Amino acid sequence: MIALDELLVDNLLWAPLLIVLLKVVVVFIVGLLATMLMVWFERKAIAGMQNRIGPNKTGPFGILQTLADGIKLFFKEDLIPNRSDRFVFALAPFLSFVPAFLAFAIIPLGGDFRNGNGGEVTWFGHVTKVQLADPPIGVLFALAISSIAVYGIMLAGWSSGSKYPLIGSVRASAQMVSYEAALGLSLASVLLLAGTLSTSGIVASQTTITQWNVVSTGFIPFIIFLIAATAELNRPPFDLVEAEQELVGGFNTEYSSIRFALFYLAEFMNTVTMSALIVTLFFGGPQPIAFGNFVFDIPLLPNALEGTFWLLAKVLVFLYIYIWFRATLPRLRYDQLMDLGWKVLIPGSLGWFMLLASQRLARQNDWNIFIVTGSSVVVMVACYLLLQAAFSKSAREREIQGSMF
Amino acid sequence: MEFFVFGCAALMILVGAVGVITRSHPVHAALSLVLTLFGVAVLFVAQDAHFLAAVQVIVYAGAIVVLFLFVIMLLGVDRVENLRTEPLTAQRPLAVIVSLGLIGILVAAFTTGSGALHERGEGIIVPDLSTGTDANTTQLAESIFSDYVVAFEVTSVLLVVAVVGTVLLSRRIKSVEVETSK
């Protein structure tokens, strides 16, 4: 009754239990490996963009550099500052590491979603999905996990008992809480079209390229989601949490040894998970690229394995885009960050969501689509003008008072 | 199995709740509150109310307690309080009276309404293969946006009023002073 995997619902047998355990282990190892390779990929790609060579000594192309760094970090001295809150200081790295892995559990990692197959595969005579858990709440689980991830950073900075980490963590909590709203609202457009919360259901609804949510929701929710996700990950250009020029190192300044490694790992793991989530929500996840009836089919590969290949290819694109962001975009100022979140992304995603909802309602009730679109555009422009009026009034008042806040 | 889950969740809730009132450090107290909220979320999952569990974590643990912590850190009250000093001398006896009253009301409510506890209402639709995975969410959405839509909207208006009121009260507009000084 409580089981999240359908295999575990009825009488418990050894084979389903082993399959679920195997999935847990495989997802954990894949997560760790992906993180390791992501760190290497980021260093190598950034080095390329900056005309450097990057890591090249350990293993072929320096691919084992992360492993070497990890082993080195294990043997470093584990410092605990005198003025720190010991219990919370020890707890914080795990609070940021565990959610990073949990969120990976709901990503469909493969399987055949074509022709209405729900991505189910048969392993040892048992039908299952190529994802660790497919809870009924689906993507809400990812939102819940990302809101829990705030605690790790926040408590790390606070428990260090030092000024700069505290500033970093206060920035982090404000940033992550405000961008979560934009993240959730842009997600709502996807859920509106997919009609389900479950991640495998969302993937199954995106068969051809025109049905991919990036196209069918009209691109805006995707852009908002991408920006909000970057802010949620605290990656450049939104990495005010660890702005090294201003804050020494940010929330993790006082951390050393394996505790620091856990934060580092969590950060990259979150990047991988978020890229996979973007692909799942907007780019059809393990679905192959297809136009109408034409499908890019890779010969000789079974359809289920092909899903994993497509997912990997799409995720790689997004990982590269994140690295690209980091190498090219300058960091935002703090007030610019808050303005972008509250004054652009949240109203934008809300307005777009209402537009999509009205379109859907019009199509269901056979209303004249042009009148509905026209009137919703008029309403949106009116809202935009009202918002602008409010902004300029508050800017004028701020000027009189002579303060930023 | 269900009893085991209930036991663990109840233990989490109680330990957290006791922690909130006994820990002398505000941040530790807030973290104990998170433990309690998670326990409640686990109980929701055990009752197949997955959507409520997710919302519990997103809203309470993910936003409200984060704001508590934010305020604690920002105001710099994050140090151990001496629980023996008493800013308001009457508050402890008053608290005892109020909590006894609350216990009395709860006991009275349970004893008079004990019949209702055994009757079963419509209940939550358990999401499974026959109902679809979103049955739970659909049921909740239908009742919020049809039967209880007025209450729902009025609550949201109330929240907006509260937010606007807070902003108005906390923000001192100095423009009048500036103009007179000119």
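In what follows, chains are A, B, ... by sequence order, proteins preceding strands, each numbered from 1. Since the model is a prediction, treat every value here as computed from it, not as a measurement. Reckoned from all heavy atoms, side chains included, excluding hydrogens, waters and symmetry mates.
Every pair passing side-chain hydrogen bond (donor to acceptor under 3.5 Å, both in side chains) that includes a residue from residues 175-187 of chain A is listed here, sequence neighbours excluded: Gln175(A)-Asn234(A).
Counting non-hydrogen atoms of neighbouring residues, nucleotides and ligands closer than 6.0 angstrom, the CE atom of Met338(A) exceeds 12 such neighbours. Enclosure of atom NZ in Lys163(A) is not indicated, since only 12 or fewer non-hydrogen atoms of other residues, nucleotides or ligands lie within 6.0 angstrom. Within a 6.0 Å sphere centred on CZ of Phe391(A), other residues, nucleotides and ligands contribute more than 12 heavy atoms. In this structure, Tyr164(A) places its OH atom where only 12 or fewer heavy-atom neighbours from other residues, nucleotides or ligands lie under 6.0 Å away. Within a 6.0 Å sphere centred on OH of Tyr60(B), heavy atoms belonging to other residues, nucleotides or ligands number 12 at most. Counting non-hydrogen atoms of other residues, nucleotides and ligands closer than 6.0 Å to CG of Asn82(A) gives a total of 12 or fewer.
Between Ile58(B) and Ala144(A), the shortest heavy-atom distance links the atoms CG1-CA, 3.5 Å. Contact detail for Val177(A) and Gly62(B): the closest heavy-atom pair is CG2-O, 4.4 Å. Minimum heavy-atom separation, Leu155(A) to Leu69(B): CD2-CD1, 4.3 Å.
Heavy atoms closer than 4.5 Å to chain B are found in both the backbone and the side chain of Ala174(A). Heavy atoms of Ala63(B) lying under 4.5 Å from chain A are absent altogether. If you measure heavy-atom distances from Tyr151(A) to chain B, the contacts under 4.5 Å come from the side chain alone. For Val150(A), the part lying under 4.5 angstrom from a heavy atom of chain B is the side chain only.
Residues Leu197(A) and Phe51(B) are in side-chain contact: their nearest non-hydrogen atoms beyond the backbone lie under 4.5 Å apart.
Taken from CG in Leu95(A) to CG in Leu31(B), the straight-line distance is 8.0 Å, to the nearest 0.5 Å. Note that CG of Asp85(A) and NE2 of His25(B) are 5.5 Å apart. Values are rounded to the nearest 0.5 Å.
Taking non-hydrogen atoms and a 4.5 Å limit, the residue list of residues 32-40 of chain B in contact with chain A, ordered by number, reads Val34(B), Phe38(B).
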